[in-house]
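As the structure is a computational prediction, the values presented were derived from the model and not from experiment.
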Amino acid sequence: METIEEQLKSAFRLRDSLNAELSRAEIMSDRIPIRKDLREVNEQISKLKIKQQLFWKNVFKNVEEGE
């Protein structure tokens, strides 16, 4: 199972790739699906960042409680 950090790295690589593809797209009909994919990847990144924050919040809470 991939860690949250690995999932984030993968999502950032995909976003970079999609941004590069978007800049190479010449006509609007080519750009529409790429933008849709970018929105989905950005949404996924946001969700993963929230999961990551919650994970670290729990880790620090456990450390403070001496677990």
Just how far is it from atom [atom1] of [X] to atom [atom2] of [Y], taken to the nearest 0.5 Å?
X	Y	atom1	atom2	result
D30	E21	CG	CD	9.0 Å
N42	K47	CG	NZ	12.5 Å
N19	D37	CG	CG	11.5 Å

Minimum heavy-atom separation for [X] and [Y], please, with both atom names.
X	Y	answer
Q44	A11	OE1-CB, 4.3 Å
I34	L18	CG2-O, 3.5 Å
V41	L14	CG2-CD2, 3.5 Å

| Flag side-chain contact, heavy atom, 4.5 Å: S10 against R13 |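 SC-SC contact between S10 and R13 confirmed.
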| query | Taking the side chain as C-beta and beyond, is there a heavy-atom pair between F12 and R15 under 4.5 Å? | reply |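 The answer is yes, as the side chains (C-beta and beyond) meet within the 4.5 Å cut-off.
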| message | Applying a strict under-4.5 Å side-chain criterion to I, L, V, M, F, W and Y, I'd like to know whether I4 and F60 cluster together. | response |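 As far as the 4.5 Å side-chain criterion goes, F60 and I4 are connected within one cluster.
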| Partner set under side-chain contact (heavy atoms from CB on, under 4.5 Å) for K36, not counting sequence neighbours |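 If we apply the side-chain contact (heavy atoms from CB on, under 4.5 Å) test to K36, skipping adjacent residues, the hits are R39, E40.
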| task | Please check if atom CD in E2 has more than 12 non-hydrogen atoms from other residues, nucleotides or ligands closer than 6.0 Å. | result |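 Enclosed.
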All N/O donor-acceptor pairs, side-chain side in residues 50-59, below 3.5 Å, sequence neighbours left out:
from	atom 1	to	atom 2	distance (Å)
Q52	NE2	E5	OE2	3.3

